[in-house]
2 protein chains.
Amino acid sequence: MARWQPDAPGRLAAAALDLFEEHGYENTTVIEIAEHAGLTKSTFFRYFPDKREVLFGGGTVTGLLVEGIASAPSTAGPLDVVADALDTLGRTFFTADRREFSRRRQAVLNATTELREREALKRIDLTASMIEALDRRGVPSLTARVAAQLGALVWEIAYDQWIDTGSPDNTDDFGTLARRALADVRATGALR
Amino acid sequence: MARWQPDAPGRLAAAALDLFEEHGYENTTVIEIAEHAGLTKSTFFRYFPDKREVLFGGGTVTGLLVEGIASAPSTAGPLDVVADALDTLGRTFFTADRREFSRRRQAVLNATTELREREALKRIDLTASMIEALDRRGVPSLTARVAAQLGALVWEIAYDQWIDTGSPDNTDDFGTLARRALADVRATGALR
DNA sequence: GCCAGTGATGGGACTTGGTCTCATCGACCC
DNA sequence: GGGTCGATGAGACCAAGTCCCATCACTGGC
């Protein structure tokens, strides 16, 4: 029964995003998502541990960032290491063809507390991964925490700008935006 | 029926913490919590929007912190404003008599992903509140974001130390720990 | 003292997320 | 052709969360 079809999780994620946009996250049932993808509830929960996770598919981002931190050149400070890693991320993941999807996804996330909650957890876990990665580079523990925290902020700023439709001249890639955001953050001199 | 008894939410929260410690969050039912407090499921959900929230009772902390930021003296930098506010918080909320409760609560939180998730959301919302409060003081937007982010980190460090049983000589109050943490964060010079 | 109103609670039906177990089907291999 | 394996479907089941209505205790006015 039900012959195999390619990329079940991908179809589920796409169906979910469509339905969330149309009816809202809370007014969409897992069964509806599954049916919309030509599958069933059983299969949905085989690929995603819960309903929220369908919009957080690839844990790949964390891996890429950690890799980026590990393989960054020995530059001046830990924040530059993070900036290098964000640049790598921009070239390997936050590519132009993913922008429209990211934009749609983010709009749904921002509209739903339950999803913002999951996003918050992901962010904290990601920050923890950054700290570990900096630790492995020999960065002192507290310095690593500060750098990771600021790195997360730089990420957030750059991501918002990358997604932003407002400015039509916004063709900068993610890495460029991240570098600029870091420079701005530095310029605040908030640590003084 | 069921005569009135004082402080229903308080009894629910206490019962919840007891049961979570004994059987774990996921192995504890809302019905069990309610019965343990001499109440019912209906009453539980009358006081808490969901099961997680029973451990996040007072939204008072945010209010206190925001107040603290608003009423801080015009000191050198925004980070000092935050430190002042944390000091106020230490005197008004993180008092010695709340330490044991906080310790038990935090142990439960750390053990459960679902609760860590809620905690992460609270932290982000709190950070947003700090940013607004700094904005109202006229702090430039980006500077406020950086300061709030670092303030959250300082909070985390101080809170962990305040709760920590490990060091027996740990009788410092929350505000003192926060000031020391801020000094340490500054000393890393991670922005350079 | 009685009665009506009010506020806190209880009770139970109902929806949905999430788990679990077992059956089914198609592909592939011998 | 039969057996195995991987992916899926089906359905029972539990707990979270929502809703609506009944019930009780207390209160104030008459």
Side-chain angles (χ1 to χ4, degrees), chain A residues 1-20 22-57 108-109 111-122, chain B residues 1-57 108-109 111-119 121-122:
Chain A
M1 190 192 291
R3 201 150 75 279
W4 187 85
Q5 294 187 299
D7 196 22
R11 273 167 32 235
L12 285 167
L17 184 53
D18 287 345
L19 293 173
F20 292 166
E22 195 173 356
H23 307 118
Y25 174 83
E26 302 166 302
N27 299 319
T28 305
T29 262
V30 171
I31 297 188
E32 288 169 355
I33 300 173
E35 283 177 354
H36 200 272
L39 296 168
T40 64
K41 188 183 157 187
S42 296
T43 306
F44 181 98
F45 285 111
R46 208 179 311 275
Y47 287 107
F48 303 101
D50 57 48
K51 184 182 173 188
R52 290 146 235 129
E53 204 65 19
V54 72
L55 287 188
F56 296 86
V108 173
L109 293 196
T112 316
T113 308
E114 203 171 324
L115 291 173
R116 285 208 313 123
E117 196 171 6
R118 177 58 51 88
E119 195 186 15
L121 180 62
K122 297 280 181 185
Chain B
M1 189 191 292
R3 202 149 78 279
W4 188 85
Q5 293 188 300
D7 197 22
R11 274 168 29 237
L12 285 167
L17 184 53
D18 286 346
L19 292 173
F20 291 165
E21 275 181 328
E22 194 173 355
H23 306 119
Y25 175 83
E26 301 165 302
N27 300 318
T28 305
T29 261
V30 170
I31 297 189
E32 289 169 355
I33 300 173
E35 283 178 354
H36 200 272
L39 296 169
T40 63
K41 188 182 157 188
S42 294
T43 306
F44 182 97
F45 285 111
R46 208 178 313 273
Y47 287 107
F48 303 101
D50 57 49
K51 184 182 173 187
R52 288 143 237 129
E53 204 66 20
V54 73
L55 288 187
F56 295 85
V108 172
L109 293 196
T112 315
T113 308
E114 203 171 323
L115 292 174
R116 287 209 311 123
E117 195 171 6
R118 177 57 52 88
E119 195 187 14
L121 180 61
K122 298 279 181 187

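Chain naming here is simple, since letters A, B, ... match the order of the sequence lines and numbering starts at 1 in each. Values below: all heavy atoms of this structure, side chains included; hydrogens, waters and symmetry mates excluded.
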(message) Whether the side chain of A/K41 and the base of C/dG18 hold a donor-acceptor pair under 3.5 Å is what I'd like checked.
(response) yes
(message) Rounded at 0.5 Å granularity, tell me how far CZ in A/R118 sits from OG1 in B/T113.
(response) 9.0 Å
(request) Starting from P on D/dA7, measure out to CG on A/D7 and report it in whole angstrom. (result) 13 Å
(message) D/dG9, OP1 or OP2 - any side-chain N/O from A/T43 closer than 4.0 Å?
(response) yes
(request) Supply the atom-to-atom distance A/T29 OG1 to A/K41 NZ, rounded to the nearest 0.5 angstrom. (result) 9.5 Å
(request) Nearest whole angstrom, please: distance from the P of C/dT19 to the CD of A/E53. (result) 12 Å
(request) Report the C-alpha distance between A/F44 and A/I31 in whole Å, list the side-chain angles of each, state the deciding distance to 0.1 Å, and finish with yes or no for side chain to side chain contact (heavy atoms under 4.5 Å, CB included). (result) CA-CA 8 Å; A/F44 181 98; A/I31 297 188; over 6 Å; no
(message) Among C/dG18, C/dC20, D/dA16, which nucleotide has an atom closest to any side-chain atom of B/K51?
(response) D/dA16
(request) Rounded to the nearest angstrom, tell me the gap between atom CZ in A/F44 and atom P in D/dG9. (result) 14 Å
(request) Using a strict 4.0 Å threshold on nitrogen-to-oxygen distance, state whether B/K51 and B/E26 make a salt bridge. (result) no
(request) Write down the distance between CG (A/D50) and C1' (D/dG17), rounded to a whole number of angstrom. (result) 16 Å
(request) Could you check how far CZ of B/F45 sits from P of C/dG11, rounded to whole Å? (result) 16 Å
(request) Select one nucleotide: of C/dG17, D/dG9, C/dG10, the one nearest the side-chain heavy atoms of A/L39. (result) D/dG9
(message) Taking the side chain as everything from C-beta on, heavy atoms only, tell me whether B/L55 gets closer than 4.5 Å to B/Y25.
(response) no
(message) Looking at D/dA10, I'd like to know if its phosphate oxygens (OP1 or OP2) sit under 4.0 Å from a side-chain N or O belonging to A/R46.
(response) no
(message) Is A/T40 close enough to D/dA10 that one of its side-chain N or O atoms is under 4.0 Å from OP1 or OP2 there?
(response) no
(message) So that I can tick it off, tell me whether A/R52 and A/E119 are bridged by a salt bridge, with the cut-off set at under 4.0 angstrom between side-chain N and carboxylate O.
(response) no
(request) Rounded to the nearest angstrom, tell me the gap between atom CZ in A/F48 and atom C1' in C/dG18. (result) 15 Å
(message) Any residue in residues 24-36 of chain A with a heavy atom nearer than 4.0 angstrom to DNA chain C? Just list them by number, or reply none.
(response) A/T28, A/T29, A/V30
(message) On the nucleotide D/dA7, are OP1 or OP2 found under 4.0 Å from the side-chain N or O atoms that A/Y47 carries?
(response) no
(request) For A/L115 and C/dG17, give me the distance from atom CG to atom C1', rounded to whole Å. (result) 14 Å
(request) Go through the steps to decide whether B/E32 and B/H36 satisfy the test side chain to side chain contact (heavy atoms under 4.5 Å, CB included), and finish with yes or no. (result) CA-CA 6 Å; B/E32 289 169 355; B/H36 200 272; over 6 Å; no
